[in-house]
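Please read the structure below before turning to the comments.
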Amino acid sequence: MTLKAVKGFKDILPEEARKRQKIEEVARQVFEGCGLQEVRTPILEKTEVFARGIGEHTDIVEKEMYTFKDRNGQLLTLRPEATAGILRAVIEHKLYNVSPVLKFYTMGPMFRHERPQKGRLRQFHQLNVEYIGSDSPVADAEVIFLAYEVVSRFASEEDLLLEINSLGCPQCRPLHRKDLVYFLKNNMEDLCKDCQRRSQLNPLRVFDCKNEQCQKVLKFAPVMKHYICPECASHMGKVLDALEAFGIPFVQNPYLVRGLDYYRRTTFELRAKGLGAQSTVAAGGRYDGLSRLFDGPELPGVGMAIGVERLLLLMKGELEAEEVDLFIAALGSEARTEALYWLGYLRRNGLRVEYSLEDKSLKAQMKQADRVGARYCLIVGEREMDEEEAILRNMETKEQEILDLDDLPEILLEKTKS
RNA sequence: GUGGGCGUAGCUCAGUUGGUUAGAGCGUCGGGUUGUGGCCCCGGAGGUCGAGGGUUCAAAUCCCUCCGCUCACCCCA
């Protein structure tokens with residue numbers, strides 16, 4: 001095999017494409033039903049957009065981005081996530097002047113150079129929601145509602161777990177961070193190598209460590225909950241109240257943290273059973289500080305992303321095939337030419353009609369009609385052409401009736417309408 | 001970047017202590033019905049056994065190297 005797709009990039013073949021269409025259809029319906037508007041930003045951005053937004057020292061920026069120079073020497077990056085590009089667009093077009101609160105959704109491919117595994121590809125797809133311009137806790141709850149609503153259409157709710165936490169704000173978070181770093185420093189010898197490294201780069205991440213020894217130590221580590229300022233605490237409380245009002249079950253996880261630097265206050269993950277190690281199907285949070293990193297105005301925001309590939313893993317069973325209304329089996333050049341006229345007429349009138357591209361035996365054409373799941377089959381050969389008639393066969397009941405060629409398309413349209 | 005598992009037909013997989021033209025089921029195409037689908041019967045097409053090298057009279061099978069896929073670590077949606 002000489003020519004293959006690039007590692008971590010997959011062909012989406014018909015069966016899977018249909019499932020994705022379904023996912024996108026449901027997502028659109030849910031999002032637009034809640035008053036969101038679709039935006040589509042470029043897949044390619046100046047590297048700076050992500051370097052500034054996501055954080056210079058995150059793994060994503062340091063080693064996972066597809067970054068390259070174009071022919072003019074411009075440093076560009078395939079987007080590894082959606083939020084930075086959307087916020088860039090909002091600021092570039094001053095959309096915050098159009099409306100004080102923007103409710104956007106987008107969907108499409110993202111790119112990260114990671115080692116592929118179950119539920120993780122290098123080109124992956126997300127459904128994204130961004131609420132920009134509101135610092136209301138109800139915005140947080142609505143975003144979470146949207147994630148839960150879409151995911152629960154494809155997964156049983158008992159398999160889902162919504163975890164939520166507050167990361168605090170620039171007033172209270174640094175206090176916690178300082179104490180945590182101090183704590184980690186004092187317990188350095190009891191931590192695994194990874195956590196020793198993490199405690200330097202991204203201290204909050206140590207809480208994710210699966211090492212038992214580390215977890216023992218971390219039981220005594222300072223937790224954000226005890227540092228949170230009254231404003232953040234009140235915000236969190238209102239988010240939780242709203243979630244309860246929406247009827248969405250959740251658990252608080254004081255150790256839940258985020259990989260991206262721009263998150264503030266509310267953060268959440270929606271996890272699902274049966275996904276393997278990559279169990280998060282949707283995640284998001286509040287990013288009030290991001291706009292200013294882009295030299296934009298003070299602009300609060302909250303958003304989330306649903307991983308489409310992970311949603312696909314949760315979808316059970318096959319989608320039933322679209323029904324074909326009619327198959328036209330024509331034999332001989334005269335009938336086959338006439339059939340093209342009917343085909344055009346019926347298709348223009350919204351009927352789903354199929355036809356054999358090759359002049360095959362009737363048996364072969366019937367077989368094809370059966371395979372595509374046609375409800376009716378129109379049979380026209382030389383004999384019928386001579387008699388100026390055609391046979392309409394109900395594929396299920398095997399009943400056949402003889403139709404006059406005069407006004408045939410109109411009659412077919414009438415008879416095969418479901 | 002690190003570690004484990006797996007590479008035989010389009011798909012799912014058999015293939016004995018190394019042994020002659022590498023098999024099955026499904027799918028596909030055709031025939032059984034010179035003009036009627038599914039079920040049944042018969043037949044055809046389709047493989048550099050992941051690649052290269054080595055051992056051997058003989059390798060899908062044993063050894064080495066590489067490549068690919070996959071799961072997990074890392075990290076993250």
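A, B, ... follow the sequence lines: proteins, then strands. Residue 1 opens every chain.
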Could I get a table of every N or O pair under 3.5 Å where one atom is in the protein and the other is in nucleotides 32-38 of chain B?
residue, atom, partner, partner atom, Å
B:G32, N7, A:Lys363, NZ, 3.3
B:G35, N7, A:Arg383, NH2, 3.4
B:G35, O6, A:Arg383, N, 2.9
B:G35, N1, A:Glu384, OE1, 2.6
B:G35, N1, A:Glu384, OE2, 3.0
B:G35, N2, A:Glu384, OE1, 3.4
B:G35, N2, A:Glu384, OE2, 2.7
B:U36, O2, A:Arg393, NH1, 3.3
B:U36, O2, A:Gln400, OE1, 3.0
B:U36, N3, A:Gln400, OE1, 2.9
B:G37, O2', A:Asp370, OD2, 3.3
B:G37, N7, A:Arg393, NH2, 2.9
B:G37, O6, A:Arg393, NE, 3.4
B:G37, O6, A:Arg393, NH2, 2.7
B:G37, O6, A:Met395, O, 3.2
B:G37, N1, A:Met395, O, 2.2
B:G37, N2, A:Asp370, OD1, 3.2
B:G37, N2, A:Met395, O, 3.0
B:G37, N3, A:Asp370, OD1, 3.3
B:G38, O4', A:Asp370, OD2, 3.0
B:G38, O6, A:Lys398, NZ, 3.1

Enumerate the protein-to-nucleotides 10-13 of chain B contacts in which both atoms are nitrogen or oxygen and the separation is below 3.5 Å.
none

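Within a 6.0 Å radius of CD in A:Glu388, other residues, nucleotides and ligands contribute 12 heavy atoms or fewer. Residue-environment remark: CZ (A:Phe9) exceeds the threshold of 12 foreign heavy atoms within 6.0 Å.
Between B:U8 and B:C40, the distance separating the two P atoms is 28 Å to the nearest Å. Across the P atoms, B:U48 and B:C64 are found 25 Å apart, a figure rounded to whole Å. Of the P atoms belonging to B:U56 and B:G50, the separation is 23 Å, rounded to the nearest Å. Comparing the P positions of B:A72 and B:G31 gives a spacing of 48 Å, expressed to the nearest Å. Spacing of C1' atoms, B:U12 relative to B:G3, comes out at 29 Å, to the nearest Å. The gap from the P atom of B:G44 to that of B:C73 amounts to 50 Å, rounded to the nearest Å. Comparing B:C42 with B:G15, their P atoms are spaced 25 Å from each other, to the whole Å. The same atom, P, is picked in B:G7 and in B:G53; the two are 22 Å apart, to the nearest Å.
Comparing B:G30, B:A77, B:C74 by their closest approach to the side chain of A:Phe124 singles out B:A77. Taking the side chain of A:Lys4 as heavy atoms from C-beta on, and the options B:G3, B:C69, B:G30, the nearest nucleotide is B:C69.
Of the charged side-chain nitrogens involved, none lies within less than 4.0 Å of a carboxylate oxygen, so that A:Lys103 and A:Glu130 do not count as a salt-bridged pair. Using a cutoff of 4.0 Å between basic side-chain nitrogens and carboxylate oxygens, A:Lys10 and A:Glu16 are not scored as salt-bridged. One finds no salt bridge joining A:Glu396 and A:Arg375 here, because no Lys/Arg side-chain nitrogen approaches an Asp/Glu carboxylate oxygen to under 4.0 Å. Remark: A:Arg271 engages A:Glu163 in a salt bridge, criterion side-chain N to carboxylate O under 4.0 Å. In summary, A:Arg122 and A:Glu114 do not engage in a salt bridge, as defined by a charged side-chain N under 4.0 Å from a carboxylate O. In this structure, A:Glu149 pairs ionically with A:Arg153, as a charged nitrogen and a carboxylate oxygen lie closer than 4.0 Å. The pair A:Glu323-A:Arg352 fails the salt-bridge criterion, with no side-chain N (NZ, NE, NH1 or NH2) lying under 4.0 Å from an Asp/Glu carboxylate O. Here A:Glu309 does not pair with A:Arg120 in a salt bridge; the nearest charged N to carboxylate O distance is not below 4.0 Å. Contact check on A:Arg347 versus A:Asp325 returns no salt bridge, with no Lys/Arg side-chain nitrogen under 4.0 Å from an Asp/Glu carboxylate oxygen.
Put simply, CG on A:Asp11 is 12 Å from P on B:C69, counting in whole angstrom units. Atom CG of A:Leu256 and atom P of B:A77 are 10 Å apart (whole Å). Atom-to-atom, NZ of A:Lys10 to C1' of B:U70 comes out at 11 Å; the value is rounded to the nearest Å. In this structure, CG of A:Leu275 is placed 14 Å from C1' of B:C71, rounded to the nearest angstrom. Rounded to whole angstrom, the span from the CD atom of A:Glu163 across to the P atom of B:C76 amounts to 16 Å. Across the protein-nucleic acid pair, A:Glu114 atom CD and B:C73 atom P stand 12 Å apart, rounded to whole Å. Counting to the nearest Å, the P atom of B:C29 and the NZ atom of A:Lys360 are 6 Å from each other. Going from atom CG of A:Leu121 over to atom P of B:A72 covers 12 Å, rounded to whole Å.
Both A:Gly284 and A:Ala277 sit near RNA chain B, but only A:Ala277 has its closest nucleotide nearer the 5' end. Sequence order on RNA chain B of the closest nucleotides to A:Thr280 and A:Pro116 puts A:Pro116 first from the 5' end.
Side chains of A:His235 and A:Asp140: a donor-acceptor N/O pair is present below 3.5 angstrom, by distance only.
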Would you check, one step at a time, whether the test salt bridge (Lys or Arg N to Asp or Glu O under 4.0 Å) holds for A:Asp11 with A:Lys4?
CA-CA 10 Å; A:Asp11 297 311; A:Lys4 300 192 65 179; over 6 Å; no

Give the dot-bracket line for RNA chain B from 5' end to 3' end: parentheses for intra-strand Watson-Crick or G-U pairs under 3.5 Å, square brackets for crossings, | for inter-strand pairing, dots for unpaired.
(((((((..((((.....[...)))).(((((.......))))).....(((((..]....))))))))))))....

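If you check every strand for non-hydrogen atoms under 4.0 Å, A:Ala369 touches nothing. When heavy atoms are screened at a 4.0 angstrom cut-off, A:Val281 is found touching the sugar-phosphate backbone but no base atom. Within the nucleic acid shown, A:Gly119 comes within 4.0 Å of at least one base atom, counting heavy atoms only. A:Gln278 comes within 4.0 angstrom of a base, heavy atoms only.
An OP1 or OP2 oxygen of B:U70 is reached within less than 4.0 angstrom by no side-chain nitrogen or oxygen of A:Gln117.
In terms of modelled atom types and a separation under 3.5 Å, the side chain of A:Glu32 and the main chain of A:Gln37 share no donor-acceptor contact.
A donor N or O paired with an acceptor N or O is found under 3.5 Å between the base of B:C75 and the side-chain atoms of A:Arg120. Judged by atom type and distance alone, A:Glu269 does not reach the base of B:C76 through any side-chain donor-acceptor pair under 3.5 Å.
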